[in-house]
Number of protein chains: 2
Amino acid sequence: MAGQSKENTRYVGDTVVHDDDTIDFEIIELLFFAYRDFTSDPDAILEKSGFGRAHHRVVHFVDREPGMTVADLLDTLKITKQSLARVLKQLIDSGYIRQVTGPEDRRQRMLYTTEEGQALARALAEPQSRRIADALAKTGPGARDTVKRFLACMKNGAGD
Amino acid sequence: MAGQSKENTRYVGDTVVHDDDTIDFEIIELLFFAYRDFTSDPDAILEKSGFGRAHHRVVHFVDREPGMTVADLLDTLKITKQSLARVLKQLIDSGYIRQVTGPEDRRQRMLYTTEEGQALARALAEPQSRRIADALAKTGPGARDTVKRFLACMKNGAGD
DNA sequence: AAAATATGTCAGCTTTATTGACATATTTTT
DNA sequence: AAAAATATGTCAATAAAGCTGACATATTTT
């Protein structure tokens, strides 16, 4: 419990302002740098395929949840249908993802990675996984569980 | 040490592929969702000012390191001069950041937040800090230190 | 005096997102 | 059966935030 929640607030106009030492700048910045470098890992691989981070996210989630629908994917990524459309079309045209008409509801398009899509998804995840493993090892025993719980709580709607 | 580093690799073409259970998909996804929601916190505030995330980062770092030069900022953000230029100009024109000619080297422009800039930086950091504090509290005692070390190791050039 | 440095700026391009509008196929409701 | 709702696709226009390349200016270093 170091360095936050002292409730030392003041006002500028009608905006609540917390003084320096009540804000956890340290972890805010660590998170920024950690994520910046974490996401830079797959960039070299993506460049070769001519894809960007948007493609990465789509291939990743479809690989992880085979058969998910377009609506599922939109909900996961929190982007609009039109934003997804271009990226998804490119991945389908390039043979990384294929669509199957839903067996129950024929309006739905269930999404699957092809062999190539699966290989891409894993090639992209590999350096990230390695970075995580190294960081956890250096952090010490028990780190994985603590980090897991912390990250889960950082997410919206983590009721507990 | 659960769920990674089994070194169970195979090849597709000349791309190294790790099988399912050798990749730490769990933490990769937790990190994605945590960061997605963490960065969404300040968005409501930014919209009011007509600024975006790029402005956020600039105001944040200048507030944290008053007197930093343009070159320092470019190095921190890892973006190009031309990308920074537009954002920085808007912040200066709006009165959130001011420039002072370097006292030693008059080519340099040392950057400072104004009162308004400081207030903005802290208003933006506040919900993020609160989210972190809540997550750490829920994770349990000792979480802060573990999370800090883990995040530091996730950054490039963190030679233990 | 020449070269290097720190910054600023113009012009054009790319990626990734946005909104709005509308089309099609299919399922559900009336 | 007709109407409404749903899942998806697509066209067009726009925005934010990055990029490269080129060049200008002021200042410091060589």
Side-chain angles (χ1 to χ4, degrees), chain A residues 32 35-36 39-40 42-62 67-94 97-112, chain B residues 32 35-36 39-40 42-62 67-94 97-112:
Chain A
F32 171 77
Y35 199 78
R36 184 193 64 182
T39 53
S40 79
D43 282 358
I45 300 162
L46 288 164
E47 258 181 318
K48 291 178 202 161
S49 330
F51 293 143
R53 287 185 193 169
H55 303 84
H56 182 181
R57 291 195 286 274
V58 170
V59 168
H60 171 87
F61 283 110
V62 172
M68 77 191 306
T69 66
V70 172
D72 291 339
L73 194 48
L74 290 175
D75 193 54
T76 301
L77 299 176
K78 306 259 192 267
I79 59 173
T80 60
K81 186 178 50 161
Q82 297 91 327
S83 293
L84 176 61
R86 174 186 44 85
V87 172
L88 187 54
K89 196 173 190 307
Q90 289 169 342
L91 286 169
I92 291 167
D93 291 348
S94 314
I97 284 183
R98 67 196 165 82
Q99 291 181 312
V100 176
T101 298
E104 319 277 87
D105 186 336
R106 289 161 45 87
R107 290 171 303 183
Q108 293 182 333
R109 300 285 171 270
M110 318 223 330
L111 303 172
Y112 296 90
Chain B
F32 171 77
Y35 198 77
R36 183 193 63 183
T39 53
S40 78
D43 282 358
I45 299 163
L46 287 164
E47 258 183 317
K48 290 178 201 160
S49 329
F51 292 142
R53 287 184 193 171
H55 303 84
H56 181 181
R57 291 195 286 273
V58 170
V59 167
H60 171 86
F61 284 110
V62 172
M68 75 191 307
T69 65
V70 172
D72 291 339
L73 194 49
L74 289 176
D75 193 56
T76 301
L77 299 176
K78 305 254 192 271
I79 59 172
T80 61
K81 187 179 50 164
Q82 297 92 326
S83 293
L84 176 61
R86 174 181 39 83
V87 172
L88 187 55
K89 194 173 192 309
Q90 288 169 343
L91 286 168
I92 291 166
D93 292 350
S94 314
I97 284 183
R98 67 197 165 82
Q99 291 181 310
V100 177
T101 298
E104 318 279 87
D105 187 335
R106 289 162 45 87
R107 290 171 302 183
Q108 292 181 334
R109 301 285 171 269
M110 318 225 328
L111 303 171
Y112 296 91

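A quick note: this is a predicted structure, and the numbers were derived from the prediction, not measured. Lettering of chains follows the sequences in order, A, B, ..., and the numbering in each one begins at 1.
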Is the side chain of T39(A) donor-acceptor paired with the backbone N or O of R36(A) at a distance under 3.5 Å, no angle test? yes
Nearest non-hydrogen partners of S83(B) and I79(B), listed with the distance: CB-CD1, 4.1 Å
Closest approach to the side chain of I79(A), judged atom by atom: which nucleotide of dT7(C), dT18(C), dT8(D) is it? dT18(C)
Nearest-angstrom distance from the residue atom CZ of R86(B) to P of dT7(C): 19 Å
Rounded to the nearest Å, what distance is computed from the CZ atom of residue R109(B) to the P atom of nucleotide dT9(C)? 10 Å
Once you apply a heavy-atom cut-off of 4.0 Å, does H55(B) come out as touching a base, just sugar-phosphate, or nothing? sugar-phosphate
Compare every heavy atom of T76(A) with every heavy atom of M68(A), then report the nearest pair and how far apart it is. CE-OG1, 4.0 Å
Can we call the ring centroids of F61(A) and F32(B) under 6.0 Å apart? yes
Output the rounded distance in Å from CE (M68(A)) to P (dT8(D)). 11 Å
Here the distance between atom C1' of dA7(D) and atom CG of L84(A), to the nearest Å, is 13 Å
Can you tell me the distance, in whole Å, between the CZ atom of R36(B) and the P atom of dT16(C)? 18 Å
Less than 3.5 Å between a donor and an acceptor, one on the side chain of R107(A) and one on the base of dT6(D), is that the case here? yes
What is the distance, to the nearest angstrom, from the CZ atom on R53(A) to the P atom on dC19(D)? 11 Å
Can you find a donor-acceptor N/O pair under 3.5 angstrom joining the side chain of K81(A) to the base of dG9(D)? yes
Base partner of dT28(D), which must satisfy Watson-Crick or wobble distances under 3.5 Å: dA3(C)
Respond yes when some side-chain nitrogen or oxygen of T80(A) is under 4.0 Å from OP1 or OP2 of dA17(C), and no when none is. no
Return the pairing partner of dT14(D) with a 3.5 Å limit on both distances, Watson-Crick or G-U wobble; otherwise return none. dA17(C)
To the nearest angstrom, how far is L91(B) atom CG from dA17(D) atom C1'? 13 Å
Would you say Q99(A) places a side-chain N or O within less than 4.0 Å of OP1 or OP2 belonging to dG9(D)? yes
Whole-Å distance separating the CG atom of L74(B) from the C1' atom of dG8(C): 12 Å
Polar contact flag, side-chain donor to acceptor under 3.5 angstrom, T69(B)-D72(B): yes
Kindly say if S83(B) contacts the phosphate of dA17(D), meaning a side-chain N or O under 4.0 Å from OP1 or OP2. no
For the side chain of Q82(A), counting heavy atoms from C-beta on, which of dT10(D), dT8(D), dT16(C) is nearest? dT10(D)
At under 4.0 Å, does any side-chain N or O of R106(A) touch on OP1 or OP2 of dT26(C)? yes
Residue closer to the 5' end of DNA chain C, F51(A) versus D105(B) (nearest nucleotide): D105(B)
Can you tell me if the side-chain N/O atoms of R57(B) get under 4.0 Å from OP1 or OP2 in dG18(D)? yes
Write down the partner of dA22(D) under the Watson-Crick or G-U wobble criteria, each distance required to be under 3.5 Å. dT9(C)
Can you classify the ring geometry of H55(A) versus F51(A) as parallel (below 30°), tilted (30 to 60°) or perpendicular (above 60°)? parallel
Identify whether any heavy atom of E104(B) sits under 4.0 Å from a base atom; if not, whether one sits that close to sugar-phosphate; answer base, sugar-phosphate or nothing. sugar-phosphate
Of the nucleotides dA17(D), dC11(D), dG21(D), which one has an atom closest to the side chain of A54(B)? dA17(D)
So A85(B), base contact, sugar-phosphate only, or nothing? Heavy-atom distance under 4.0 Å. base
